[in-house]
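Have a look at the structure below before the remarks.
Owing to the predicted nature of the structure, the values given are computational and were not obtained by experimental measurement.
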Amino acid sequence: MKRRHSKDGEKVAGEKKKKNLQRLGGTGLSLEAFANAKSTNKHYNPAFKKKQMEFYKNAKYVSKYKKSLKQQNQQNHISSAVKPAADQNQTRDGDQMDIKNKNKSKNKKKQNLEELYEKKRQEEEQARTEREAVIQTKKEEREKAEAQRKELRAKMFKKTRYGQPVMKYRIEHLLQTIQGSSKNSSNDTN
């Protein structure tokens, strides 16, 4: 392979580079321009919209839940603040009672949570057993149908001692299909 160091060789290489730049649309994008072009997405993406809607819906539910908790706490504080205290001794006793009440309410909340958890777990267990029962019945039906098909296939492939097919089973099968189709057509007309 010969190397060209002449001006003609450099001219040819320069023309090739120029043609390539024209073909590709000029010089490439700068890194900043590429990043900006990639980050601004102007295309409609239904999956992204769906995720966004779900996110906002969940955020709304969370905020409603927090508001309800806040209201419950305020109602509890108001009910404890309404109780008048005649003595400091009574207030001390009241404070101790409040602490006991808070502990009791915490215990009740724990019990409620445990009850909810147990209830949910039982529901899930019941749903799982129902699903398993449905799956088991479908499996049994499938096995039964498969056994019938195998039996029918065996009958259909039976041969006489001379190698001819046994027509008895084939005719019975044709008769059953005709009777089944006539029943279906009479049911459709009624």
Side-chain angles (χ1 to χ4, degrees), residues 34-157 172-173 176-177 179-190:
F34 178 75
N36 287 338
K38 290 292 276 187
S39 65
T40 56
N41 190 358
K42 297 176 185 170
H43 302 291
Y44 174 72
N45 188 351
F48 178 73
K49 290 286 186 184
K50 185 177 178 184
K51 274 188 180 178
Q52 206 172 24
M53 284 176 59
E54 188 175 339
F55 173 78
Y56 286 125
K57 193 191 312 184
N58 289 341
K60 186 171 69 171
Y61 290 143
V62 168
S63 65
K64 282 185 180 181
Y65 175 73
K66 285 182 179 178
K67 281 182 184 178
S68 66
L69 282 179
K70 195 173 184 181
Q71 286 176 351
Q72 286 177 354
N73 287 338
Q74 286 178 351
Q75 288 174 355
N76 289 341
H77 290 300
I78 290 171
S79 63
S80 65
V82 170
K83 296 178 185 177
D87 260 328
Q88 287 182 351
N89 291 338
Q90 287 180 347
T91 57
R92 283 188 213 146
D93 292 340
D95 289 342
Q96 290 174 355
M97 293 291 277
D98 285 342
I99 291 170
K100 288 181 182 178
N101 287 340
K102 285 181 183 177
N103 288 340
K104 286 182 182 178
S105 66
K106 284 183 183 177
N107 289 339
K108 285 182 182 178
K109 286 180 184 177
K110 284 182 184 177
Q111 288 175 352
N112 288 340
L113 287 175
E114 288 174 359
E115 289 173 6
L116 285 172
Y117 172 73
E118 285 294 322
K119 190 175 182 182
K120 186 176 180 182
R121 196 169 62 89
Q122 288 175 352
E123 289 174 357
E124 289 175 353
E125 183 72 22
Q126 186 178 6
R128 187 178 60 80
T129 54
E130 288 174 0
R131 260 187 273 124
E132 287 177 356
V134 168
I135 290 170
Q136 186 67 25
T137 55
K138 284 184 180 179
K139 187 177 181 182
E140 288 172 0
E141 289 174 5
R142 199 179 313 122
E143 288 174 354
K144 186 178 177 183
E146 192 174 327
Q148 286 177 348
R149 280 195 302 270
K150 281 185 179 180
E151 184 181 331
L152 181 66
R153 186 169 184 250
K155 285 181 181 179
M156 290 295 205
F157 283 122
E172 283 178 3
H173 179 67
Q176 287 174 355
T177 53
Q179 286 175 345
S181 64
S182 66
K183 286 179 184 177
N184 289 340
S185 64
S186 64
N187 288 341
D188 291 341
T189 56
N190 291 336

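- Within the 4.5 Å cutoff, side-chain heavy atoms of Glu140 are placed close to those of Gln136.
- Taking OG of Ser181 as the start and NZ of Lys183 as the end, the distance is 10.5 Å to the nearest 0.5 Å.
- A distance of 6.5 Å separates CD of Glu172 from NZ of Lys155, quoted to the nearest 0.5 Å.
- Checked for salt-bridge contact, Glu115 and Lys119 miss the test: no charged N lies under 4.0 Å from a carboxylate O.
- Atom CZ of Arg142 is separated from atom CD of Glu146 by 9.0 Å, given to the nearest 0.5 angstrom.
- For Glu141 and Lys138, the salt-bridge test fails: no basic side-chain N is under 4.0 Å from an acidic carboxylate O.
- Between Arg121 and Glu118 the shortest side-chain heavy-atom distance falls below 4.5 Å.
- Of the inter-residue distances, the one linking Glu124 atom CD with Arg131 atom CZ reads 9.0 Å to the nearest 0.5 angstrom.
- How far NZ of Lys67 is from NZ of Lys64: 8.5 Å, rounded to the nearest 0.5 Å.
- Considering OH of Tyr117 and NZ of Lys120, their distance stands at 9.5 Å, rounded to 0.5 Å.
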